[in-house]
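Keep in mind that what you see is a predicted model, and the values were worked out from it rather than measured.
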Amino acid sequence: IGVEMRKRQAAHIEAPPQAPGQPRPNTCCLCWCGCCKCLWNEDRMERSERQTCTKMDSIEAAEEQHPSLEEALSWARSFEMMLRSLEGREIFREFLRSEYSEDNLLFWLACEELKKETNPSVVDEKARIIYEDYVSILSPKEVSLDSRVREGINQSLAEPSNLMYEEAQLQIYTLMHRDSYPRFLNSSVYRDLLASRRRTCLDT
């Protein structure tokens with residue numbers, strides 16, 4: 001029986017490759033009985049999974065955008081330009097998180113979104129969410145607003161509008177611009193990004 005088994009296995013090893021379009025049998029040199037746990041089938045599945053992962057990695061790599069060196073350098077020239085850039089906001093947010101002041105940027109962005117709303121019911125809902133998240137004295141994310149601006153917001157809650165946080169937003173913008181932004185430009189977060197972009201330029 002052992003001799004016969006070896007002959008069958010050898011026949012599979014020496015067998016010519018299948019012609020294109022013809023189905024391959026469910027047997028291989030290691031599984032002459034044709035069982036469903038054939039190692040050839042397992043290897044084929046693993047190859048398919050690896051190819052799928054490679055394709056997904058390629059898609060993710062294509063979707064992951066990085067700022068150019070020129071764009072990253074422009075952030076040092078203009079705070080406004082940095083905030084208008086998605087990548088600029090993300091890297092600035094990373095820096096603010098290290099200083100425990102990320103909520104300033106999140107509040108500013110929430111106000112920007114509110115200003116775009118025209119539906120009264122949506123305006124009312126978003127305005128109250130912003131108040132509860134960032135303005136209320138009970139909020140764990142309370143941003144630094146002076147008492148006059150805070151009182152104005154409290155009065156506006158009776159009839160919320162998409163511009164009710166405009167003064168508060170300007171105050172937080174000014175705080176980030178004058179206080180956080182200069183430190184960001186001197187931070188390792190920003191310097192490392194510039195170094196990375198410069199290396200990429202040299203490599204290409």
Side-chain angles (χ1 to χ4, degrees), residues 56 59-197:
M56 290 303 297
I59 293 172
E60 290 175 0
E63 290 177 348
E64 185 178 1
Q65 299 295 322
H66 294 288
S68 65
L69 176 60
E70 182 180 358
E71 182 180 2
L73 287 171
S74 72
W75 302 340
R77 297 191 297 269
S78 170
F79 180 61
E80 179 69 21
M81 192 174 295
M82 183 188 69
L83 287 184
R84 291 184 181 278
S85 163
L86 175 60
E87 293 86 357
R89 291 195 302 271
E90 286 302 311
I91 194 73
F92 185 53
R93 180 178 176 180
E94 181 182 340
F95 166 74
L96 292 177
R97 190 180 298 121
S98 71
E99 293 200 336
Y100 305 99
S101 56
E102 177 187 14
D103 292 332
N104 287 333
L105 179 60
L106 295 179
F107 170 75
W108 186 86
L109 291 171
C111 293
E112 283 292 288
E113 287 300 312
L114 177 63
K115 288 194 292 189
K116 299 174 185 177
E117 290 294 343
T118 56
N119 186 316
S121 61
V122 176
V123 168
D124 183 84
E125 180 183 7
K126 286 191 173 184
R128 294 185 184 281
I129 290 175
I130 291 174
Y131 181 82
E132 293 171 0
D133 284 350
Y134 301 103
V135 182
S136 170
I137 59 174
L138 299 178
S139 171
K141 303 178 182 178
E142 183 181 0
V143 292
S144 299
L145 299 172
D146 63 39
S147 58
R148 181 185 60 82
V149 171
R150 195 180 298 275
E151 181 57 30
I153 293 173
N154 290 336
Q155 294 176 2
S156 299
L157 280 176
E159 296 183 11
S161 74
N162 60 348
L163 299 177
M164 64 177 286
Y165 292 106
E166 198 166 34
E167 192 173 3
Q169 186 186 17
L170 177 60
Q171 192 170 95
I172 294 301
Y173 177 95
T174 303
L175 176 65
M176 291 191 296
H177 190 189
R178 293 179 178 176
D179 187 47
S180 302
Y181 176 58
R183 289 200 304 276
F184 164 73
L185 296 180
N186 291 315
S187 70
S188 59
V189 173
Y190 183 58
R191 291 199 308 269
D192 289 349
L193 173 67
L194 291 181
S196 172
R197 296 296 88 203

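Taking each heavy atom of Leu83 and Arg89 in turn, the nearest pair found is O-NH1, 2.7 Å. The two residues His177 and Pro182 come nearest to each other via the heavy atoms O-CD, 3.3 Å. Looking at every heavy atom in both residues, Leu175 comes nearest to Ser144 through CD2-CB, 4.4 Å. Minimum heavy-atom separation, Met82 to Trp75: CA-CD1, 3.6 Å. Here the closest non-hydrogen pair linking Gln171 and Asp146 is NE2-OD2, 2.7 Å. Residues Leu69 and Leu194 share a closest heavy-atom pair of CD1-O, 4.0 Å.
Here the CG atom belonging to Leu193 is positioned 9.0 Å from the CG atom belonging to Leu73, to the nearest 0.5 angstrom. Here the CG atom belonging to Leu185 is positioned 11.0 Å from the OG atom belonging to Ser180, to the nearest 0.5 angstrom. Rounding to the nearest 0.5 Å gives a distance of 4.0 Å between OG of Ser101 and CG of Leu96. Here the straight-line distance linking atom CD1 of Ile172 with atom CG of Leu109 works out to 12.0 Å at 0.5 Å rounding. Note: Ser74 OG to Glu80 CD = 12.0 Å, rounded to the nearest 0.5 Å.
Residues that satisfy the side chain to side chain donor-acceptor pair (under 3.5 Å) test with Glu102, not counting sequence neighbours, are Arg93, Arg97. Arg183 meets the salt bridge (charged side-chain N to carboxylate O under 4.0 Å, His left out) test with Glu99, Asp179; sequence neighbours excluded. Partners of Lys115 under the salt bridge (charged side-chain N to carboxylate O under 4.0 Å, His left out) rule, at least two apart in sequence or in another chain, are Glu112. Not a single side chain to side chain donor-acceptor pair (under 3.5 Å) links Ser188 to another residue, sequence neighbours left out. Residues that satisfy the side chain to side chain donor-acceptor pair (under 3.5 Å) test with Asn186, not counting sequence neighbours, are absent from this structure. The salt bridge (charged side-chain N to carboxylate O under 4.0 Å, His left out) search around Arg178 returns none, not counting sequence neighbours. Remark: Phe184 engages Phe92, Phe95, Tyr190 in a ring pair (Phe, Tyr, Trp, His ring centres under 6.0 Å) (not counting sequence neighbours). Annotation: salt bridge (charged side-chain N to carboxylate O under 4.0 Å, His left out) contacts of Glu113 (sequence neighbours excluded): Lys116. For Ser85, the side chain to side chain donor-acceptor pair (under 3.5 Å) partners at least two apart in sequence or on another chain are Glu71, Glu87.
Counting heavy atoms from C-beta on, the side chains of Leu114 and Gln169 never come closer than 4.5 Å.
Residue pairs meeting the ring-ring contact (aromatic ring centres under 6.0 Å, His included) criterion with at least one partner in residues 126-151, sequence neighbours excluded, are Phe107-Tyr134. Applying the salt bridge (Lys or Arg N to Asp or Glu O under 4.0 Å) test to pairs two or more places apart or on separate chains, those with a residue in residues 154-170 are Arg148-Glu167.
Thr174 contributes a side-chain N or O that, together with a main-chain N or O of Leu170, makes up a donor-acceptor pair within less than 3.5 Å. Judged by distance alone, the side chain of Tyr181 and the main-chain N or O of Ala76 form a donor-acceptor pair under 3.5 Å. With hydrogens and angles disregarded, a donor-acceptor distance shorter than 3.5 Å links the side chain of Ser156 to the backbone of Gly152.
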Original post:
Going through the distances and angles, do Ile153 and Leu145 end up as a side-chain contact (heavy atoms from CB on, under 4.5 Å)?
Top reply: CA-CA 10 Å; Ile153 293 173; Leu145 299 172; 4.1 Å; yes
Please tabulate, for the side chains in residues 123-130, all donor-acceptor contacts under 3.5 angstrom to protein atoms that are two or more places apart in sequence or on a different chain.
residue: Asp124; atom: OD1; partner: Arg128; partner atom: NE; Å: 3.4
residue: Asp124; atom: OD2; partner: Arg128; partner atom: NE; Å: 3.4
residue: Lys126; atom: NZ; partner: Glu117; partner atom: OE2; Å: 2.9
residue: Arg128; atom: NH2; partner: Leu157; partner atom: O; Å: 3.2

